[in-house]
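We name chains A, B, ... by the order of the sequence lines, and we start the count at 1 in each one. Since the model is a prediction, treat every value here as computed from it, not as a measurement.
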Number of protein chains: 2
Amino acid sequence: MDMESRTYTIRQLAREFAVTPRTLRFYEDKDLLHPARQGQSRIYNYRDRARLQLILRGRRLGFSLIEIKEMLDLYNLGDGGVEQLKMTLRKSKARIATLERQRADIEAALAELREGNNQIKRLLDEKGVGADAL
Amino acid sequence: MDMESRTYTIRQLAREFAVTPRTLRFYEDKDLLHPARQGQSRIYNYRDRARLQLILRGRRLGFSLIEIKEMLDLYNLGDGGVEQLKMTLRKSKARIATLERQRADIEAALAELREGNNQIKRLLDEKGVGADAL
DNA sequence: AATGCCGTTGACGTTAACGTCAATTTTTGG
DNA sequence: CCAAAAATTGACGTTAACGTCAACGGCATT
């Protein structure tokens, strides 16, 4: 419990994750982040940092910010009643389903790319080009 | 070689893949599809259909249309010289790298969702709710 | 001949996810 | 203490990926 007390300015966090401060403010505007304030300035803690990581992962997977927010909200469980929990469970299962579909898509795409890749290598080989294409 | 000779009107193809005709025209405008013409009307063959499948898969994976086009172009190999082939190989490897990263992201996300999922099930169990949440 | 039903090409509208100023504090090093 | 660097809040611009609407041209049926 020492590293966890680290805080970040908006620019520090932005630089670390290769985004702009504008992006972080935008995410806050969209209710994806809720950093504390020191006067006017935003001050991010390790939890905000972890949330940002999740957001960016969702972004890399092609989800919209709204979808990402819904996924993040899934982690705030246990505060509602039974019906709330059931709802969360349903949404969570739906997310899992789409992610599994994406995984299947990825594996299909990878297989095809690797195949084409091999064809090219054979072509280059026929033309007398060695495996110096690293 | 009989099914391969099937052709489709724009609306047929659109319906089959749950997109609008507008989308198919848009993809053509962006040089992702090149259907033949019968007079003015577009006429799609099995190859166009396969390309569309690849396009939509790329879309599900969150790639931009430009990126998708580049990926599709990777399949038109063998028509260039050695340098071209090398270039294609490099791009192909880059694609593979980002796809593998996506796959890693997906597996991390899946693990976390499944974990939260189990927590919810436990909570529901404690509250006396059975496994009727299918 | 008129009524629909595709199909076409523009042209313009829309939403998401920021970028880009501008004007104004706030914070910080010397 | 003061200038420079960094932070803030608007406001407007931009790009991608289509949607929507208008105006038009074949045909096929009624």
Side-chain angles (χ1 to χ4, degrees), chain A residues 6-45 48-49 51-73 95 98 102 105 109, chain B residues 6-45 48-49 51-73 95 98 102 105 109:
Chain A
R6 260 217 62 181
T7 63
Y8 310 81
T9 138
I10 192 170
R11 200 161 290 270
Q12 287 172 342
L13 207 57
R15 250 198 288 267
E16 178 176 356
F17 290 98
V19 299
T20 70
R22 176 73 177 92
T23 299
L24 297 184
R25 292 191 199 102
F26 183 74
Y27 288 169
E28 184 175 354
D29 201 57
K30 294 295 172 180
D31 244 35
L32 291 170
L33 288 174
H34 321 292
R37 297 290 176 125
Q38 234 178 33
Q40 279 284 70
S41 297
R42 292 163 175 83
I43 182 80
Y44 299 82
N45 61 23
D48 299 319
R49 186 179 175 281
R51 259 183 98 85
L52 180 56
Q53 276 188 330
L54 292 176
I55 293 170
L56 296 180
R57 190 168 71 193
R59 203 177 66 167
R60 284 195 301 271
L61 294 178
F63 290 102
S64 75
L65 294 188
I66 290 177
E67 289 171 319
I68 291 172
K69 177 169 167 46
E70 286 173 3
M71 297 182 70
L72 289 177
D73 290 346
R95 282 283 156 235
T98 80
Q102 282 201 22
D105 279 335
Chain B
R6 259 216 65 179
T7 63
Y8 309 81
T9 140
I10 193 172
R11 201 160 289 270
Q12 286 173 342
L13 207 58
R15 252 198 287 269
E16 179 175 356
F17 289 98
V19 297
T20 69
R22 177 72 178 93
T23 299
L24 297 184
R25 294 192 196 100
F26 183 74
Y27 287 169
E28 183 175 354
D29 201 56
K30 294 296 173 180
D31 245 37
L32 290 170
L33 288 174
H34 321 289
R37 296 291 176 124
Q38 235 177 31
Q40 279 283 71
S41 297
R42 291 163 175 84
I43 182 81
Y44 300 81
N45 63 23
D48 299 317
R49 186 178 174 282
R51 261 182 97 85
L52 179 56
Q53 276 189 331
L54 291 176
I55 293 170
L56 296 180
R57 191 168 69 193
R59 203 177 65 166
R60 283 194 301 271
L61 294 177
F63 290 103
S64 76
L65 294 188
I66 290 177
E67 289 171 318
I68 290 172
K69 177 169 165 47
E70 286 173 3
M71 296 182 71
L72 289 176
D73 290 347
R95 283 285 157 229
T98 80
Q102 283 201 21
D105 279 336

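We find that CZ of B/Phe63 is positioned 16 Å from P of D/dC18, with the value rounded to whole Å. C/dG19 atom P lies 14 Å from atom CG of A/Asp29, rounded to whole Å. Nucleotide C/dA17 holds its P atom 15 Å from the CG atom of A/Leu24, rounded to whole Å. One atom, CD1 of A/Ile66, and another, P of C/dC18, lie 13 Å apart when rounded to the nearest Å. The distance between atom CD of A/Gln38 and atom P of D/dT8, rounded to the nearest whole Å, is 11 Å. Separating the NZ atom of B/Lys69 from the P atom of D/dA17 is a distance of 13 Å, rounded to the nearest angstrom. Atoms CZ (B/Phe26) and C1' (D/dG19) sit 11 Å apart, rounded to a whole Å. The nearest whole Å value for the distance from the CZ atom in B/Arg25 to the C1' atom in D/dC21 is 13 Å.
Contact annotation: B/Thr23 does not reach the phosphate of D/dA17 (side-chain N/O to OP1 or OP2, under 4.0 Å). Between A/Ser41 and D/dA6 there is no side-chain N or O to OP1 or OP2 distance below 4.0 Å. Between C/dT9 and B/Arg37, a contact under 4.0 Å exists linking OP1 or OP2 to a side-chain N or O.
Residue-level contact check: A/Tyr27 touches the backbone only, with heavy atoms under 4.0 Å from sugar-phosphate atoms and none from bases. Heavy atoms of B/Arg22 sit under 4.0 angstrom from at least one base atom.
Contact check for A/Tyr44 versus A/Leu24: side-chain heavy atoms found under the 4.5 Å cut-off.
When distances run from any side-chain atom of A/Gln40 to the nucleotides D/dA6, C/dC6, D/dT8, the shortest one goes to D/dT8. Here the nucleotide nearest the side chain of A/Arg11, chosen from C/dC6, D/dA17, D/dA7, is D/dA7.
Position along DNA chain D of the nearest nucleotide to B/Arg59 versus A/Gln12 favours A/Gln12 as the more 5'-ward residue.
In terms of polar N and O atoms assigned as donor or acceptor, the side chain of A/Arg42 never comes within less than 3.5 Å of the base of D/dT8 in a complementary pairing.
Electrostatic pairing of B/Glu16 and B/Arg6 does not count as a salt bridge here, judged by no charged N lying under 4.0 Å from a carboxylate O. Ionic pairing of B/Lys69 and B/Asp73 is present here: one or more N-O contacts between side-chain nitrogen and carboxylate oxygen are shorter than 4.0 angstrom.
Exactly one residue among A/Arg25, A/Arg42, A/Arg49 makes a side chain to side chain contact (heavy atoms under 4.5 Å, CB included) with A/Pro35. That residue is A/Arg42.
In this structure a side-chain-to-backbone donor-acceptor pair under 3.5 Å is present from A/Arg51 to A/Leu32.
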